[in-house]
Amino acid sequence: MTDTDLPKRPLALLGLGDMGTVLAHGWLAAGHPLTVWNRTAAKARALAPAGARVAESAAGAVAAADLVVVCLLDDASLDSALEGADLTGKDLVNLTTGTPAEGRARAAWARERGARFLDAGIMGTPAMVGVPGSGAYVFYSGSRPLFDRHRAVLEVPAAARFVGTDPGHAALHDVALLSAMYGLFAGISHAYALIEGEDVAPKDLAPLLSEWLGAMGFFVGNAAERLTSRDFTTGVVSSLAMQVAGSRTLLRTAAEQGVGAGLISPYLDLMRERLEADPARHGAEDTVGAITLLRRGAA
Ligand code: NDP
């Protein structure tokens, strides 16, 4: 008997938006008995021809399986969707994007209701999920036994990465990566704005931008090493003093091109703040030391 002969574990999925619908198709295609519920019932009914069992209520979907996966818009929608559902003895996996604090609070909430809990953050778009080789994966954190028990099912639509028993850590990893992505998008947007109206085609700048950003990817590992060692100076070849002086050229160019500098100036300001705090000490650093200024107190 091979693994593929084993009966597939049943599960329930609450939330059939763009992401939930793709997840549902993944589990159905892999042969998992799937019960679905969605606030707008038509989206659930649309999955019946593909083999989904359609629950009339969220509580009914929860009752249908030990493994309950939710993929709703935001943390608040879990309250309205799961109100009145009996979670006793359930394994609840939350694929809804949230903050680390929401993940921790939701874990406590689930525990109070007798459920085991795993929080998650999906790294990929619906077009990537369920597509082998697309690079999509999901961060999970919280109950390790729950993760180990259901890993094979959870990995049907996308690879799984367990990042610790702190239920806030899936969201922390998810949001850290997304935040870095938006910083990257901001810089790319500024670069394209600079060439607008010039005789430089975006499609000609594109490969140069990709190549340059790839080469600058060294910053990721460099920053990690320096933040660990707290040594911001050894081996520096592009000093903070030089970079702050150079940043004025970036700002003057933006002004010359008639482009607002709002997408890049916060980082340039941070470098300058670090330098001005102690020019003699910080001038020889690279820019990583400026990261230490960012933590200005939790909300
Ligand atoms: P959609 O906006 O397409 O769907 C949202 C889902 O949440 C729908 O099922 C909607 O029900 C339901 N919902 C919203 N509010 C409530 C409520 N108060 N009570 C009950 N159900 C509610 O979002 P996605 O499917 O794209 O995203 C789902 C989650 O996946 C989000 O947390 C998102 O951040 C995350 N994600 C999405 C990605 C993407 O690219 N789409 C990428 C990575 C993560 P109804 O159909 O009735 O409106």
Side-chain angles (χ1 to χ4, degrees), residues 11-28 34-48 50 52-64 68-87 90 92-107 109-110 113 117-131 133-142 154-163 167-182 184-185:
L11 72 156
L13 173 64
L14 283 70
L16 298 167
D18 294 333
M19 185 58 85
T21 298
V22 166
L23 294 169
H25 280 297
W27 280 310
L28 288 169
L34 180 72
T35 303
V36 293
W37 173 85
N38 192 63
R39 182 180 60 178
T40 305
K43 291 184 198 168
R45 284 197 295 269
L47 283 166
R53 295 164 199 177
V54 179
E56 292 300 313
S57 64
V62 169
V68 178
V69 178
V70 292
C71 185
L72 299 168
L73 184 64
D74 55 16
D75 184 67
S77 39
L78 266 74
D79 286 321
S80 51
L82 290 172
E83 190 188 13
D86 182 5
L87 292 172
K90 299 294 175 181
L92 181 63
V93 179
N94 181 25
L95 296 178
T96 307
T97 304
T99 71
E102 284 171 345
R104 290 176 188 127
R106 195 53 71 182
W109 175 93
R113 284 158 181 76
F117 182 78
L118 203 54
D119 205 39
I122 302 172
M123 304 310 300
T125 64
M128 296 163 73
V129 168
V131 179
S134 70
Y137 66 89
V138 182
F139 285 124
Y140 291 94
S141 69
L154 297 173
E155 287 207 307
V156 166
R161 294 185 184 182
F162 187 79
V163 286
H169 279 188
L172 185 64
H173 284 74
D174 181 355
V175 174
L177 267 57
L178 290 178
S179 301
M181 177 191 81
Y182 281 118
L184 194 65
F185 287 0

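The model shown is predicted, which means the values in this text are computed figures rather than measured ones. Both counts, for ligands and for their atoms, begin at 1 and track the order of listing. Positions are given from 1 along the sequence.
- The residues lining ligand 1, counting any heavy atom closer than 4.0 Å, are Gly15, Leu16, Gly17, Asp18, Met19, Gly20, Asn38, Arg39, Thr40, Lys43, Cys71, Leu72, Leu73, Ser77, Ser80, Thr96, Thr97, Ile122, Gly124, Thr125, Pro126.
- Interatomic distance, Met128 CE to Met19 CE, rounded to the nearest 0.5 Å: 9.0 Å.
- Residue Arg53 places its CZ atom among 12 or fewer non-hydrogen atoms of other residues, nucleotides or ligands, all under 6.0 Å distant.
- Taking CE of Met123 as the reference point, atom OG1 of Thr97 lies at 9.0 Å (rounded to 0.5 Å).
- Rounded to the nearest 0.5 angstrom, Leu72 CG and Leu78 CG are separated by 5.0 Å.
- Atoms CG and CD, from Asp75 and Glu102 in turn, are 4.0 Å apart once rounded to the nearest 0.5 Å.
- With respect to Ile122, the side chain to side chain contact (heavy atoms under 4.5 Å, CB included) criterion is satisfied by exactly one of Thr96, Leu95, Asp174: Leu95.
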